[in-house]
Amino acid sequence: MERVDGRRFDELRPIKIEAGVLKRADGSCYIEWGRNKIYAAVYGPKKVLPRHLEKDDRAILRCRYNMAPFSVEERKRPGPDRRAVEIGKVMQGALEPAILVHYYPKSMIEISVEVVQANAGTRCAGITAVSVALADAGIPMRDLVPACAAGKVDGQIILDLAKEEDNLGEADMPVAIIPRLNQITLLQMDGKLAEQEVEQAVALAMQGCQQVYQMQIDALRKKYAGAEYE
Amino acid sequence: MERVDGRRFDELRPIKIEAGVLKRADGSCYIEWGRNKIYAAVYGPKKVLPRHLEKDDRAILRCRYNMAPFSVEERKRPGPDRRAVEIGKVMQGALEPAILVHYYPKSMIEISVEVVQANAGTRCAGITAVSVALADAGIPMRDLVPACAAGKVDGQIILDLAKEEDNLGEADMPVAIIPRLNQITLLQMDGKLAEQEVEQAVALAMQGCQQVYQMQIDALRKKYAGAEYE
Amino acid sequence: MERVDGRRFDELRPIKIEAGVLKRADGSCYIEWGRNKIYAAVYGPKKVLPRHLEKDDRAILRCRYNMAPFSVEERKRPGPDRRAVEIGKVMQGALEPAILVHYYPKSMIEISVEVVQANAGTRCAGITAVSVALADAGIPMRDLVPACAAGKVDGQIILDLAKEEDNLGEADMPVAIIPRLNQITLLQMDGKLAEQEVEQAVALAMQGCQQVYQMQIDALRKKYAGAEYE
Amino acid sequence: MSEILPLIRKEYLISLANEGKREDGRALDEYRSLDIRANVVDKAEGSALVSLGGTMVFAGVKVDAGEPYPDTPDDGVMITGAELIPMAAPDFEAGPPGEEAVEVARVVDRGIRESKALDTKALCVRENELVRLVFVDLHVMDYDGNLIDACGVAAMTALATSQMPVLDENDKPTEEKLPLPVRDLAVPCTFVKLGNSLLVDPSLDEERALDSRITVATDQEHHVCAMQKSNIGGFSLDEIKHAVRIATVKGEEIRAAIREAIK
Amino acid sequence: MSEILPLIRKEYLISLANEGKREDGRALDEYRSLDIRANVVDKAEGSALVSLGGTMVFAGVKVDAGEPYPDTPDDGVMITGAELIPMAAPDFEAGPPGEEAVEVARVVDRGIRESKALDTKALCVRENELVRLVFVDLHVMDYDGNLIDACGVAAMTALATSQMPVLDENDKPTEEKLPLPVRDLAVPCTFVKLGNSLLVDPSLDEERALDSRITVATDQEHHVCAMQKSNIGGFSLDEIKHAVRIATVKGEEIRAAIREAIK
Amino acid sequence: MSEILPLIRKEYLISLANEGKREDGRALDEYRSLDIRANVVDKAEGSALVSLGGTMVFAGVKVDAGEPYPDTPDDGVMITGAELIPMAAPDFEAGPPGEEAVEVARVVDRGIRESKALDTKALCVRENELVRLVFVDLHVMDYDGNLIDACGVAAMTALATSQMPVLDENDKPTEEKLPLPVRDLAVPCTFVKLGNSLLVDPSLDEERALDSRITVATDQEHHVCAMQKSNIGGFSLDEIKHAVRIATVKGEEIRAAIREAIK
């Protein structure tokens with residue numbers, strides 16, 4: 001099968017990850033994934049506001065996913081819509097299992113993803129970037145969390161759908177994993193897949209995650225040259 | 001006078017009241033009143049949030065009246081509109097005088113009415129149902145609060161207007177009473193009535209309330225069989 | 001140059017200031033400035049709500065500027081819009097330097113301006129009125145804060161633009177001053193002015209402020225007859 | 001409206017009321033001084049400034065054109081809003097109208113609407129397509145008790161003096177003006193119950209001490225066109241009859257004051 | 001959903017699960033009693049009342065007409081909303097939908113949309129101009145765990161029994177009715193992971209104790225049409241395979257129950 | 001922006017300023033390094049990424065078509081919005097724009113609007129009916145002081161490089177593109193007063209320590225097209241004259257940087 005951009009079925013789009021790109025945030029990351037341009041920032045651990053959300057035994061996470069008004073074809077009204085609220089929720093579910101939240105009781109870690117240019121796969125790119133930003137902020141984690149989608153286009157299970165593939169494809173399945181635990185912490189799917197295709201797609205997405213994982217490590221190595229991460 | 005549904009001038013629509021229909025609520029009630037279908041729920045007494053609303057010498061009441069989007073002819077946007085806010089306020093004024101709020105200082109009783117099918121007279125049906133739900137929740141009361149409307153159609157003062165009668169009628173007057181105290185705690189009217197018609201309508205509505213009162217008692221008897229309520 | 005209403009270039013519209021016009025407010029003022037009709041009210045110093053805004057060493061100010069829905073040509077939706085939010089902010093910046101906020105730590109002074117009829121220059125009229133209302137409330141101040149605009153119409157720098165002049169003019173520049181300190185605490189401008197025209201307009205507006213200052217003092221004298229203000 | 005009035009003060013007001021007296025020397029069925037000024041805002045199609053004791057309210061009417069509601073295709077639309085702005089009382093907060101403001105607006109609206117004081121049929125331009133929209137905005141500047149009556153009088157006065165622009169063939173407003181089709185003067189009359197007495201036109205302190213409140217709106221034919229029992233507490237049937245009786249009398253006095261103000 | 005369930009209780013549920021047991025005696029892959037009633041609200045074009053154990057949900061469908069989205073000019077529009085009203089649980093709050101309600105609505109919507117159960121092409125009146133708008137509103141009355149499945153069944157049942165008014169030549173609704181073009185029955189099936197076990201249709205307590213949750217929606221051809229991993233925690237690939245397997249079987253049972261309810 | 005900077009730090013900055021010095025070694029009238037990149041977002045009709053010291057802002061322009069405002073029937077509409085998103089600073093909160101964000105957007109908007117840099121007449125399609133709507137969105141990613149100048153440069157650069165789709169005879173956008181009619185480059189120049197000195201382009205710490213702030217926007221003919229005194233504190237007439245003087249000079253430098261970035 002020929003893909004629109006000439007990629008192999010199991011080939012990622014070009015990905016560029018840069019850690020520590022913002023001045024104010026405690027940790028940050030910029031990612032270009034195909035034509036997606038996304039920033040992630042982490043603030044914290046910090047005091048919990050409002051106080052009644054505080055947990056005695058751990059830090060709480062707040063995850064915000066937002067698209068700039070000019071990031072998509074039709075101008076988007078500023079602020080998170082229902083889709084963004086849902087993505088913020090699943091992002092949190094994907095990331096929190098990797099974070100040692102019990103190290104910071106009664107505190108809060110604030111995570112932001114801002115999409116300035118969108119082109120399919122923003123939630124995977126966002127999770128990937130946040131995970132690097134968390135490391136950049138020095139938040140202790142069990143592991144990084146790489147993410148990558150698989151999908152079905154023209155009857156084929158393929159990796160990392162571009163915008164045109166997503167629009168025409170039969171299914172899209174974003175996945176995030178914690179590599180050391182071999183756990184899937186993000187899994188969504190829309191489209192139609194037979195039972196064995198689900199398995200095939202998850203497996204392919206997990207392979208993609210492994211590739212993304214290496215890029216995350218490289219980005220952190222590049223930033224913290226000399227320091228060993230793994 | 002012939003009424004649209006063949007009722008006498010002083011005849012209620014068929015009413016069915018069932019206490020204790022919800023699992024989570026501390027007290028609940030389902031009422032079918034003509035073609036109205038309404039649920040009432042009570043939570044509490046519970047801690048007051050936000051705290052600054054707390055009263056040292058009594059429980060506060062919160063009353064919510066809401067219609068499901070599909071309960072009326074034209075789809076309603078979710079959430080209470082201005083009409084619903086006003087009804088919540090007068091419902092509270094109708095019910096609070098019957099509740100022994102001083103038994104529970106620094107606490108809050110939360111009352112909800114959800115209309116899933118509306119057909120004229122929802123506030124009276126709602127108050128009637130809440131009162132049963134309060135008893136179901138074990139909240140101490142001076143008495144139950146039955147409610148019923150009277151109105152004027154084709155020059156006649158009649159009881160419990162159906163939707164078609166309300167649309168064409170000259171006046172509608174919802175009333176709620178505390179039977180033991182012989183006090184009117186809800187009274188609204190819109191339309192046009194001469195002075196003596198007001199008196200006639202209030203008196204007729206009060207008779208209707210007495211009938212509704214018996215049905216409330218029956219519903220509680222049925223639920224708490226063997227226990228005497230009155 | 002002939003002005004639309006026959007005024008000289010440096011002449012104010014008729015101004016009427018009355019102190020102490022509201023019963024509930026701690027201090028109040030009504031101003032008619034040309035065809036503007038504006039009320040100002042002051043509450044406080046009072047407890048700060050929400051508490052986390054409290055300052056240990058001084059009172060905080062809250063400034064609200066609002067227009068009644070019927071105050072302008074096209075009906076305005078109730079509540080402050082973005083323009084009103086900005087005016088509230090610059091009003092605060094204009095007034096706060098004159099107030100001895102350090103006399104009242106951990107407290108709050110609430111300032112309201114309500115425009116019931118608008119006709120160019122509402123922010124200057126509002127600041128002028130608030131300042132009188134603050135004095136009426138007995139808030140200690142370094143001085144009153146008079147305000148007045150200058151602008152450019154038909155190539156001329158003139159004082160206190162009327163609505164028609166503002167619509168057609170080349171520039172409008174509202175100014176407020178603290179006369180005793182000779183400080184400019186409000187300065188905005190929109191339009192186009194050459195460098196020396198800016199200077200000329202500021203100077204003219206400051207002269208206007210001095211005239212307004214006398215009217216403020218007169219209004220307070222009239223209210224507190226016998227008491228010397230200056 | 002959660003300010004605390006000590007119990008002792010409430011008892012004092014009740015004991016006065018039981019003797020037929022009030023703190024400010026009024027009779028139980030006596031209004032405070034009512035001042036009505038029409039046409040006070042020249043940007044509005046109609047306006048009024050009403051002072052009732054220390055309570056002060058502006059009403060402004062703006063007229064626009066738009067689609068009718070689907071269930072009343074040949075009726076103009078009246079929309080009444082009230083704002084209890086922070087200027088008017090130390091406990092009024094900025095933001096969308098709370099349940100207090102909503103009730104005031106809806107009770108005022110109901111009295112006018114149900115009396116058919118405004119002839120909405122005459123506000124239809126083309127059935128199903130275009131009708132006149134009449135916005136009545138109540139702007140409460142000073143709150144010293146009995147908002148509903150002050151607002152009701154202000155709204156009615158503003159409507160009765162409104163001049164709406166006539167539309168041209170393209171439905172654009174012209175310079176020509178016509179009065180709004182107002183054919184009745186509906187006015188609310190509000191009572192509080194203190195102990196066993198009904199007091200008309202409650203002052204701020206009487207409102208704070210109230211056991212319960214009732215509003216009765218009447219039209220010029222002395223029909224009751226809206227009623228609203230508010231707040232906690234109840235009334236006997238006799239008390240309601242009494243309130244209706246007094247409201248009919250007081251309504252006539254208030255209508256006379258409005259007529260005087262708008263003539 | 002922040003109520004605290006003591007750790008000890010969680011451990012108890014996990015130890016039960018590890019023995020293949022559940023507190024209420026169900027098998028790990030067993031649903032609670034499911035009661036489906038269609039056409040319960042006569043103001044709605046379609047409706048359903050679903051009880052799943054103690055969870056109770058109304059779904060109501062209203063059909064209108066309006067403009068299509070620019071990127072799908074010949075597709076009707078389905079809009080799914082869910083309200084977690086304060087009646088349903090002590091910790092549900094009034095106000096705009098929180099992230100919990102948004103997720104429920106979006107997962108239910110996705111299952112139906114992606115299965116193409118609703119033939120949106122058949123809802124186009126005139127391309128680029130006018131299509132039918134289908135509003136699916138989920139009104140949760142009682143929350144006792146597993147909202148997504150109860151809501152999914154209610155929405156699907158309400159759609160499958162909807163009768164929409166036919167439009168006349170002026171695009172106004174007529175008395176004539178036609179069924180909505182529903183050609184599949186997509187249903188979600190939700191699992192929680194407790195310790196090492198997957199439990200279908202979690203009860204309230206099982207939800208509170210959960211490590212992680214996953215929903216798998218299937219259509220009548222046993223295709224998976226939507227998946228959603230929710231909350232904290234993760235799954236192995238094998239666990240996901242297991243969930244898909246069970247969902248396919250359970251989906252068939254639920255579809256049978258819907259067919260029974262709507263026939 | 002309520003972080004507390006100890007008084008001692010403020011005094012240090014003032015004492016430096018009084019000697020004509022700044023903490024980062026700049027002269028009082030010296031900008032931090034300004035980096036302008038145009039056309040950074042391919043979904044926008046025009047865009048820019050501006051870094052001013054540590055402050056980083058995206059501006060994006062989208063062009064649509066719609067009705068003009070009734071009082072300017074033959075003018076296109078420019079709408080400027082700014083979001084101070086939580087990413088940019090620990091004390092920026094999610095939600096609708098606060099007064100800080102509103103002021104930034106309005107001051108930037110005013111500079112461009114009043115300079116007539118955007119020829120809105122050329123954006124009229126049919127008088128009274130259809131004009132082009134130009135949305136300028138400012139997305140602040142990193143806040144390190146002097147938002148207004150960074151946002152003003154970003155907005156101006158994005159507008160100056162915008163290509164809007166030409167409309168066909170049915171008013172639908174085509175593939176053909178035309179530049180927006182931008183005929184001037186208006187730029188703001190912001191000062192803070194520390195002690196008796198005016199410092200251009202305040203850093204974050206200088207902003208926190210400020211007594212008062214003023215922005216002067218100029219166009220390429222060196223006219224002043226907008227001014228805004230912000231925050232607490234005041235200026236003498238001489239200080240304002242000084243600020244206008246410097247702003248005219250700095251404006252030219254900044255315009256040169258924009259021209260370089262967009263050529």
Side-chain angles (χ1 to χ4, degrees), chain B residues 52-53 55-58 60-63 73-74 80-90 92-99 101 142 145 152 167 170-178 181-203 205-206, chain D residues 2 4 7 69-72 79-82 96-107 109-111 113-116 184 186 193 211-219 221-245 247-249:
Chain B
H52 70 266
L53 299 177
K55 299 286 176 194
D56 278 349
D57 60 342
R58 59 183 178 86
I60 61 164
L61 246 63
R62 290 186 140 190
C63 278
E73 215 54 57
E74 298 267 314
D81 55 12
R82 298 203 326 160
R83 173 181 168 273
V85 167
E86 188 202 356
I87 294 180
K89 185 172 188 301
V90 295
Q92 179 178 348
L95 293 159
E96 187 162 333
I99 300 174
V101 288
R142 297 186 173 80
V145 180
K152 182 176 173 189
N167 288 351
E170 290 105 63
D172 187 29
M173 180 197 278
V175 169
I177 64 171
I178 303 180
L181 308 179
N182 211 27
Q183 286 280 297
I184 295 160
T185 60
L186 175 81
L187 176 64
Q188 296 184 288
M189 198 279 280
D190 52 323
K192 281 210 187 186
L193 291 180
E195 206 180 313
Q196 77 279 18
E197 288 174 330
V198 171
E199 182 182 341
Q200 201 185 333
V202 176
M206 289 176 82
Chain D
S2 64
I4 291 153
L7 202 59
Y69 287 120
D71 52 342
T72 52
I79 296 152
T80 307
E99 58 175 31
E100 201 69 30
V102 166
E103 188 181 41
V104 168
R106 286 182 60 85
V107 173
D109 182 275
R110 211 138 57 208
R113 182 180 307 276
E114 297 297 332
S115 71
K116 305 200 190 305
D184 200 331
K193 182 170 161 186
D211 286 321
S212 45
R213 191 174 79 190
I214 190 163
T215 298
V216 179
T218 57
D219 65 16
E221 290 161 349
H222 300 191
H223 282 130
V224 177
C225 48
M227 299 176 75
Q228 178 93 339
K229 183 252 148 182
S230 271
N231 296 65
I232 310 312
F235 293 93
S236 69
L237 179 51
D238 279 342
E239 287 166 341
I240 285 165
K241 283 155 67 177
H242 179 68
V244 170
R245 184 87 290 274
T248 315
V249 177

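Only a predicted model underlies this, so the values are computations on that prediction, with no experimental measurement involved. Letters go in sequence order (proteins before strands), and every chain restarts at 1.
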Exercise. From D:Ile79 CD1 over to B:Arg82 CZ, what is the distance, rounded to the nearest 0.5 angstrom?
Worked result: 9.0 Å

Exercise. Given that the side chain runs from C-beta out, which part of B:Asp190 has a heavy atom under 4.5 Å from chain D: side chain, backbone, both or neither?
Worked result: both

Exercise. Highest number of heavy-atom pairs under 4.5 Å with chain B: which of D:Gly98, D:Gly233, D:Ser236?
Worked result: D:Gly233

Problem set entry | Interatomic distance, B:Glu86 atom CD to D:Ser230 atom OG [nearest 0.5 angstrom] | 8.0 Å

Seminar exercise, completed: Bottom line for D:Ile232: the part with an atom under 4.5 Å from chain B's heavy atoms is both

Exercise. Side chain, backbone, both or neither: which part of D:Arg113 has an atom under 4.5 Å from a heavy atom of chain B?
Worked result: neither

Exercise. Would a 4.5 Å heavy-atom cut-off, applied to side chains only, mark D:Arg110 and B:Met189 as touching?
Worked result: no

For this session: Could you tell me the separation between the OG1 atom of D:Thr248 and the CD atom of B:Glu195, rounded to the nearest 0.5 Å?
Result: 4.5 Å

Exercise. Among B:Pro174, B:Ala176, B:Ala98, B:Pro97, who wins on heavy-atom pairs under 4.5 Å with chain D?
Worked result: B:Pro97

Exercise. Does B:Lys192 use its side chain to pair, donor to acceptor, with the backbone of D:Ser115 at less than 3.5 Å?
Worked result: yes

Problem set entry | Portion of D:Asp71 that has a non-hydrogen atom of chain B nearer than 4.5 angstrom | neither

Seminar exercise, completed: When the 4.5 angstrom heavy-atom criterion is applied to D:Ala217 and chain B, the contacting part is neither

For this session: Without swapping roles, check the side chain of B:Gln183 against the backbone of D:Phe235 for a donor-acceptor pair under 3.5 Å.
Result: yes

Seminar exercise, completed: Max heavy-atom pairs within cutoff under 4.5 Å with chain D, candidates B:Val198, B:Asn182, B:Val202, goes to B:Val198

Problem set entry | Results of side-chain hydrogen bond (donor to acceptor under 3.5 Å, both in side chains) for B:Arg142 - residues two or more places apart only | none

For this session: Heavy-atom pairs under 4.5 Å with chain B are the metric here; pick the option from D:Pro97, D:Pro70, D:Cys225, D:Ala226 that has the most.
Result: D:Cys225

Exercise. With sequence neighbours left out, what residues match B:Arg83 under side chain to side chain contact (heavy atoms under 4.5 Å, CB included)?
Worked result: B:Tyr65, B:Met67, B:Asp81, B:Ile87, B:Thr122, B:Arg123, D:Arg106

Exercise. Side chain, backbone, both or neither: which part of D:Ser212 has a non-hydrogen atom closer than 4.5 Å to chain B?
Worked result: neither

Seminar exercise, completed: Note: vs chain B, highest number of non-hydrogen pairs under 4.5 angstrom among D:Glu103, D:His222, D:Lys116, D:Lys229 is D:Lys229

Exercise. With respect to chain B, which residue among D:Arg213, D:Met227, D:Glu239 yields the maximal number of heavy-atom pairs within a distance under 4.5 Å?
Worked result: D:Met227

For this session: May I ask you to check whether B:Gln92 and D:Glu99 show a side-chain donor-acceptor distance below 3.5 Å?
Result: no

